[in-house]
Protein chains: 2
Amino acid sequence: MKKSKILVVDDEQRMRKIINDFLTKSDYNVIEACDGEDALDKFFKNKDIDLIILDIMMPKLDGWGVCKEIRKESKVPIIMLTARSDEADELQGFKLGVDEYISKPFSPKILVARVEAILRRCKGISSDDVIECDGIVMNRLTHIVTIDGKEVDFSYKEFELLAYFLQNQGIALPRENILNNVWNYDYYGEDRTIDTHVKKIRAKLGNKGKYIKTIWGIGYKFETLD
Amino acid sequence: MKKSKILVVDDEQRMRKIINDFLTKSDYNVIEACDGEDALDKFFKNKDIDLIILDIMMPKLDGWGVCKEIRKESKVPIIMLTARSDEADELQGFKLGVDEYISKPFSPKILVARVEAILRRCKGISSDDVIECDGIVMNRLTHIVTIDGKEVDFSYKEFELLAYFLQNQGIALPRENILNNVWNYDYYGEDRTIDTHVKKIRAKLGNKGKYIKTIWGIGYKFETLD
DNA sequence: TGATTATTTCACATTTTCTTCACGATATTC
DNA sequence: GAATATCGTGAAGAAAATGTGAAATAATCA
């Protein structure tokens with residue numbers, strides 16, 4: 001699952017570092033900008049930014065200005081940082097499309113929680129989190145697998161292996177390739193262990209088990225066609 | 001705490017009444033719409049609707065159409081009602097931003113449970129000071145937890161951990177995720193300490209302790225269903 | 001400070017999952 | 001069609017993860 005990319009804009013270097021640290025620890029990809037112009041520059045150069053955390057008070061171009069510019073071209077969620085709660089002209093903010101306010105000082109826990117909530121809300125259940133194929137639905141968030149609407153238990157390895165198959169449909173996957181991608185890099189066991197897992201997955205898939213095809217001398221391939 | 005407003009859209013009057021009754025009984029504010037166009041009309045006239053329950057099969061404009069229109073302007077959570085489980089094209093649904101499916105016939109308890117879960121999830125850590133789920137009531141202000149009306153002592157960590165579970169119902173939470181969100185950022189201890197807390201919380205929850213499910217190889221998940 | 005409580009760590013029991021192995025079945029090669 | 005290599009399968013035990021109770025450490029409060 002791809003990490004979400006977050007642009008953090010604040011003129012105080014210390015504040016940027018604090019936010020960066022917490023978001024990085026929560027497994028986000030962080031880009032920093034030190035003022036409004038820098039922010040616009042970085043935002044439009046990195047077309048895949050998922051969320052912006054924006055300080056209001058900044059030299060050159062303030063948070064409102066940045067927000068207005070970005071909203072001309074993008075619906076990316078924006079969190080505004082305000083020094084005092086009364087600084088936030090919330091009405092103006094919501095008209096500009098601000099998604100959330102957080103007032104300084106804030107607890108890192110709340111910041112990360114809001115970020116997560118917004119990303120989840122915006123993506124719905126992001127397409128990265130749900131893999132679907134012919135009635136097999138795998139949800140990474142809930143870790144639930146349903147087959148034709150019926151919930152089926154999958155162990156951790158089984159889940160990961162099936163997900164790998166579904167993400168590489170139609171591609172013949174050599175055993176070594178599978179080991180490298182589904183198992184830890186420091187795994188040095190037999191590759192026949194894959195076969196055992198395949199057997200279990202096939203059984204759990206029922207009549208869809210035949211989608212996992214054996215490629216003789218190579219490995220396996222997931223394909224719904226015949 | 002303000003009542004949440006829910007828009008119920010179904011062309012069958014009988015079905016609307018059933019849902020309305022249960023939600024009203026659970027202290028929600030319900031608005032009904034009898035078809036897709038009516039739904040859009042009511043939604044945009046009542047700007048403060050918190051959740052939509054939407055039947056797929058409807059005359060004029062079906063559930064998908066309503067969903068698509070609403071998503072152009074709003075991120076309000078949407079629950080889809082499907083006549084049969086296979087009617088739900090879940091992938092299409094998730095792309096359109098459907099938050100949940102419930103297939104008819106459904107039990108009222110499940111409907112209400114899903115509604116509660118979604119509303120809570122969407123609000124993330126909102127300003128709400130009271131978290132509630134199936135008789136478990138947590139009050140952030142007073143730091144009091146009651147289970148089926150009976151007060152139970154929770155230590156600080158236990159409180160925070162349980163709150164985190166309740167705010168992320170249905171989501172498989174890896175231990176690392178839990179540590180990052182419930183413990184301080186500078187905590188570098190064992191993740192097994194989570195297990196000890198889970199044990200204590202489960203004990204205090206009594207027969208509701210089973211809601212905290214173990215996801216082998218990953219972590220825990222709070223879920224009232226099953 | 002000393003006592004009390006909360007949190008973390010540890011050791012061991014328990015449970016679940018993963019891996020290996022042996023043997024039969026099946027495909028490929030010559 | 002026989003020889004050979006590869007795969008399917010079920011069982012066993014090895015390994016890993018979790019449950020549990022108690023002890024050690026840390027934090028809090030009178």
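Side chains included, hydrogens not; waters and symmetry mates left out as well; all remaining heavy atoms used. Naming: A, B, ... by sequence-line order, numbering from 1 per chain.
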task: Look at the side chain of A:Gln169 and the backbone N and O of A:Leu166, then say whether any donor-acceptor pair between them is shorter than 3.5 Å.
output: yes
- prompt: A:Phe159 has an atom CZ; how far is it from atom C1' of C:dT16, in whole Å?
  reply: 18 Å
task: Evaluate the ring planes of B:Phe165 and B:Tyr220, with Trp represented by its six-membered ring, and classify them as parallel (under 30°), tilted (30 to 60°) or perpendicular (over 60°).
output: perpendicular
message: Taking any atom closer than 4.0 angstrom to a non-hydrogen atom of chain B, what span of DNA chain D does the protein reach, first nucleotide to last?
response: D:dA17 to D:dG21
With sequence neighbours excluded, residues passing ring-ring contact (aromatic ring centres under 6.0 Å, His included) with A:Tyr164: none
Taking only N/O atoms, report every protein-nucleotides 21-28 of chain C pair under 3.5 Å with atom names and distance.
none

Most 5' of A:Val198 and B:Arg175 on DNA chain D, judged by nearest nucleotide: A:Val198
N/O to N/O distances under 3.5 Å, protein versus nucleotides 4-7 of chain C:
| from | atom 1 | to | atom 2 | distance (Å) |
| --- | --- | --- | --- | --- |
| C:dT7 | OP1 | B:Lys157 | N | 2.9 |
| C:dT7 | OP2 | B:Ser155 | OG | 2.2 |

query: So what is the end-to-end bend of the helix from C:dT1-D:dA30 to C:dC30-D:dG1, with 5 pairs used at each end and the value given to 10 degrees?
result: 40°
statement: For B:Gly170 and A:Thr142 the tightest heavy-atom approach is O-CG2, 3.0 Å
- request: Check the distance between C:dC18's P and B:Ile218's CD1 and give it to me in whole angstrom.
  value: 11 Å
- prompt: For the residue pair B:His197 and B:Trp183, does the interplanar ring angle fall in the parallel (under 30°), tilted (30 to 60°) or perpendicular (over 60°) class?
  reply: perpendicular
message: Taking A:Glu223 first and then A:Lys221, would you say they form a salt bridge - that is, a charged N and a carboxylate O separated by under 4.0 Å?
response: yes
- prompt: Starting at CG of A:Leu162 and ending at P of C:dT17, how long is that distance when rounded to a whole Å?
  reply: 16 Å
query: Could you state the CD1-C1' distance from A:Ile201 to C:dT17, rounded to the nearest angstrom?
result: 13 Å
query: Is the side chain of B:Arg175 donor-acceptor paired with the backbone N or O of B:Arg192 at a distance under 3.5 Å, no angle test?
result: no
query: Hey, are B:Asp48 and B:Lys5 close enough for a salt bridge, meaning a charged N less than 4.0 Å from a carboxylate O?
result: yes
query: Heavy atoms, side chains only, cut-off 4.5 Å: are A:Arg140 and A:Phe159 in contact?
result: yes
Short N-O contact, A:Asp38 and A:Lys42, less than 4.0 angstrom: yes
query: Heavy atoms under 4.0 Å, any strand shown: does A:Leu161 hit a base, just sugar-phosphate, or nothing?
result: nothing
- line: Residues passing the salt bridge (charged side-chain N to carboxylate O under 4.0 Å, His left out) test with A:Lys17, sequence neighbours excluded, are A:Asp21
message: Between A:Asp11 and A:Arg16 (salt bridge meaning N to carboxylate O under 4.0 Å), is one present in this structure?
response: no
- prompt: OH of B:Tyr220 versus C1' of C:dT16: gap in Å, rounded?
  reply: 14 Å
Charged tip of B:Lys204 within 45° of B:Phe154 ring normal and under 6.0 Å: yes
